[in-house]
Structures are given as structure tokens and as C-alpha cells.
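Quantities reported herein were computed from a predicted structural model and do not represent experimental measurements. Residues: numbered from 1 along the sequence shown.
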Amino acid sequence: MTGPSQDWQSDRYQTNAGFVPVLGMPALELLDPRPGERILDLGCGDGFLTEKIAEAGCDVVGVDAGPDMIRVAQQKGLNAHVMDGQALDFDAEFDAVFSNAALHWMLQPEKVVDGVKRALKPGGRFVGEFGGHGNVAACRTAMISVLNARGIDGAAVSPWYFPTPAEYGSLLTRHGFAVHTADLIPRPTPLPTDVGGWMDTFGESFFKALPREEREAARAEAVELLRPSLCDSEGKWTADYVRLRFSASLPG
Ligand code: BEZ
């Protein structure tokens with residue numbers, strides 16, 4: 001669930017983003033893991049869904065770019081390793097590769113899909129979910145805007161890849177996959193904190209681009225820009241998530 005461009009800390013992730021793996025259950029259902037299958041969980045984070053795959057009777061390997069997250073996954077007894085999803089090091093050994101809420105952190109999707117293809121056995125499945133086109137659009141626009149106002153090109157420091165289903169489907173097809181489903185699913189997501197907490201966890205790349213002394217004011221300005229659209233009359237915040245859920249397979 002985490003990517004290479006941020007400093008992931010498992011305790012902060014748990015507080016501000018514990019909902020991320022829980023909401024990945026529909027993607028896991030689409031994977032339909034079967035007993036005895038060998039499965040790679042790409043971007044496994046702290047191993048919440050990896051554990052579910054193991055409970056389904058699979059031999060599961062988790063990889064994630066965040067050492068702190070991998071430590072937590074290993075403490076759960078999972079077979080988990082630090083690895084950049086853009087440099088996967090497996091060869092024709094998995095029945096399926098699964099990924100939840102991680103692929104949007106990998107800005108070299110060609111390398112990801114190359115590695116997934118190499119990791120799979122003939123006929124292997126690639127199933128997952130990540131941020132699709134329009135994901136967290138309000139949040140992203142607010143952060144870009146407060147950076148632009150301070151003379152920094154906000155779009156240039158955005159750490160995310162949010163393709164349309166057509167773009168992602170075409171990438172998979174070019175790599176030899178048959179695409180079975182690729183759907184954009186709006187999923188307004190209630191936040192456990194205000195959007196400032198969300199930005200602290202997920203928007204680090206934006207605010208890091210500013211001089212330290214400007215960060216707090218920029219963060220406060222972004223929160224106020226977002227308040228009218230994301231905060232309700234009871235003070236509860238909801239982020240404008242949009243998922244791209246897909247399933248594909250290699251020829252047998
Ligand atoms: C996502 O899961 O879609 C996501 C999470 C944080 C930042 C951007 C996207």
C-alpha cells in the first residue's frame with residue numbers, strides 16, 4: 001500500500017489511513033484467491049490484506065517499498081520483503097499478483113507491469129485496485145494551488161499516477177495481458193481526522209517542496225480551500241477517492 005516516494009511510518013499510517021486496507025476487500029474478492037495458489041501482494045503495506053490471502057490457504061509473498069511497514073507485516077508472521085514495485089525481482093513463480101492502493105505511487109508504470117508479467121506463470125492473473133483518473137482531485141488541486149501561489153510548480157511534484165481505465169487497459173494490453181475488467185469507481189471516503197491529517201500522511205511530497213517556514217501556513221490554506229467541499233455541517237471530512245479496479249491475465 002505504500003510507494004517509494006514517501007517516508008512511511010506505520011504508526012502514523014495506522015492513525016490517518018487505517019481505512020485503506022479495510023476498503024480493499026472488494027479488490028480481494030475480485031482476486032478470488034484459491035487454496036494452494038502462490039500469490040504476490042504488491043505494495044502490501046502492513047500486511048492487512050496479505051494476511052487475508054494467507055488465511056484463504058495461499059502461499060503469499062508481500063513486498064512494499066516502506067521498511068517500517070514491512071517490519072509490521074513480518075511481526076504478523078508474514079513472508080514480506082522491502083522491494084520497489086518498479087524493480088520486481090521474480091521469475092515465473094506466481095499464480096496471481098494482487099495490489100491494493102499502491103500502484104498510484106509508482107510513477108513508472110511500464111516497469112511495474114513488466115515486472116508483474118515476469119513474476120507470473122503462464123495464465124497468471126493480475127488483479128487490483130488503485131487511484132484512477134480524478135482520484136482525490138479536490139485535495140490534489142488545493143495542494144497544487146497553495147504551492148503555485150508560492151512560486152513552486154505544484155503539479156510537477158505530485159507523486160501520483162491516476163490513469164483512466166482506457167490508459168491502464170492499453171498499458172496492460174501492450175504487455176500481453178487480456179483485460180477482463182477495468183472500471184472507475186467513485187468512492188467518497190470518510191476520514192478519521194480532518195483533511196490536514198490526511199495531507200500529513202499522503203501529501204508530504206507537496207509540502208516538502210516548500211521552505212520549512214512556509215509549510216504550516218500552506219497546509220492551513222489548503223485545509224481552508226477544501227473545507228467548503230469536503231467538510232460537512234458536523235465537521236466530518238470526506239475525501240473524494242476514485243478507484244480504478246481491474247482484472248487481467250496472461251495467456252496460458
Ligand atoms: C489512494 O488510495 O487512492 C490514495 C491515497 C493517498 C493519496 C492518493 C491516493
Without swapping roles, check the side chain of [X] against the backbone of [Y] for a donor-acceptor pair under 3.5 Å.
{"X": "Asp64", "Y": "Gly45", "result": "yes"}
{"X": "Glu214", "Y": "Pro211", "result": "no"}
{"X": "Thr201", "Y": "Gly197", "result": "yes"}
{"X": "Arg215", "Y": "Leu210", "result": "yes"}
{"X": "Gln74", "Y": "Ala80", "result": "yes"}
{"X": "Lys117", "Y": "Gly176", "result": "no"}

Whether over 12 other heavy atoms sit under 6.0 Å from [X] [atom1]:
{"X": "Arg174", "atom1": "CZ", "result": "yes"}
{"X": "His133", "atom1": "NE2", "result": "no"}
{"X": "Asp89", "atom1": "CG", "result": "no"}

Is the shortest distance from a Lys or Arg side-chain nitrogen in [X] or [Y] to a carboxylate oxygen in the other one below 4.0 Å?
{"X": "Asp183", "Y": "Arg245", "result": "no"}
{"X": "Glu224", "Y": "Arg227", "result": "yes"}
{"X": "Arg71", "Y": "Asp68", "result": "yes"}

Would you indicate whether the side-chain heavy atoms of [Y] and [X] approach each other to under 4.5 Å?
{"X": "Leu120", "Y": "Ser249", "answer": "no"}
{"X": "Thr238", "Y": "Asp232", "answer": "no"}
{"X": "Asn135", "Y": "Trp160", "answer": "no"}
{"X": "Val63", "Y": "Phe90", "answer": "yes"}
{"X": "Leu40", "Y": "Glu93", "answer": "no"}
{"X": "Leu184", "Y": "Tyr168", "answer": "no"}
{"X": "Met199", "Y": "Val223", "answer": "yes"}
{"X": "Leu230", "Y": "Leu191", "answer": "no"}

query: Going only through I, L, V, M, F, W and Y residues with side-chain contacts under 4.5 Å, is there a path from Val97 to Leu88?
result: yes

field: Full working for side chain to side chain contact (heavy atoms under 4.5 Å, CB included) between Glu216 and Arg219
entry: CA-CA 5 Å; Glu216 198 177 318; Arg219 176 191 186 277; 5.7 Å; no

field: With Asp46, the side chain to side chain contact (heavy atoms under 4.5 Å, CB included) member among Glu51, Lys76, Gln75
entry: Lys76

Full working for side chain to side chain contact (heavy atoms under 4.5 Å, CB included) between Phe98 and Leu28: CA-CA 8 Å; Phe98 173 72; Leu28 191 57; 4.2 Å; yes

message: Return the CG to CD distance between Leu103 and Gln86, rounded to the nearest 0.5 Å.
response: 10.0 Å

message: Checking Ile144 now: which residues fulfil side chain to side chain contact (heavy atoms under 4.5 Å, CB included) with it, not counting sequence neighbours?
response: Arg140, Asn148, Ala155, Phe206

field: Derivation and outcome, side chain to side chain contact (heavy atoms under 4.5 Å, CB included), residues Cys139 and Asp240
entry: CA-CA 8 Å; Cys139 302; Asp240 49 342; 3.8 Å; yes

task: Any chance you could lay out the salt bridge (charged side-chain N to carboxylate O under 4.0 Å, His left out) test for Asp95 and Lys121, step after step, and finish with the verdict?
output: CA-CA 6 Å; Asp95 297 292; Lys121 299 175 186 170; 3.1 Å; yes

message: What verdict does the side chain to side chain contact (heavy atoms under 4.5 Å, CB included) test give for His81 and Ile70, after you've listed the backbone C-alpha separation in whole Å, the side-chain angles of each residue and the deciding distance to 0.1 Å?
response: CA-CA 6 Å; His81 311 277; Ile70 286 296; 5.6 Å; no

- line: For Ala182 and Val179 the tightest heavy-atom approach is CB-CG1, 4.2 Å

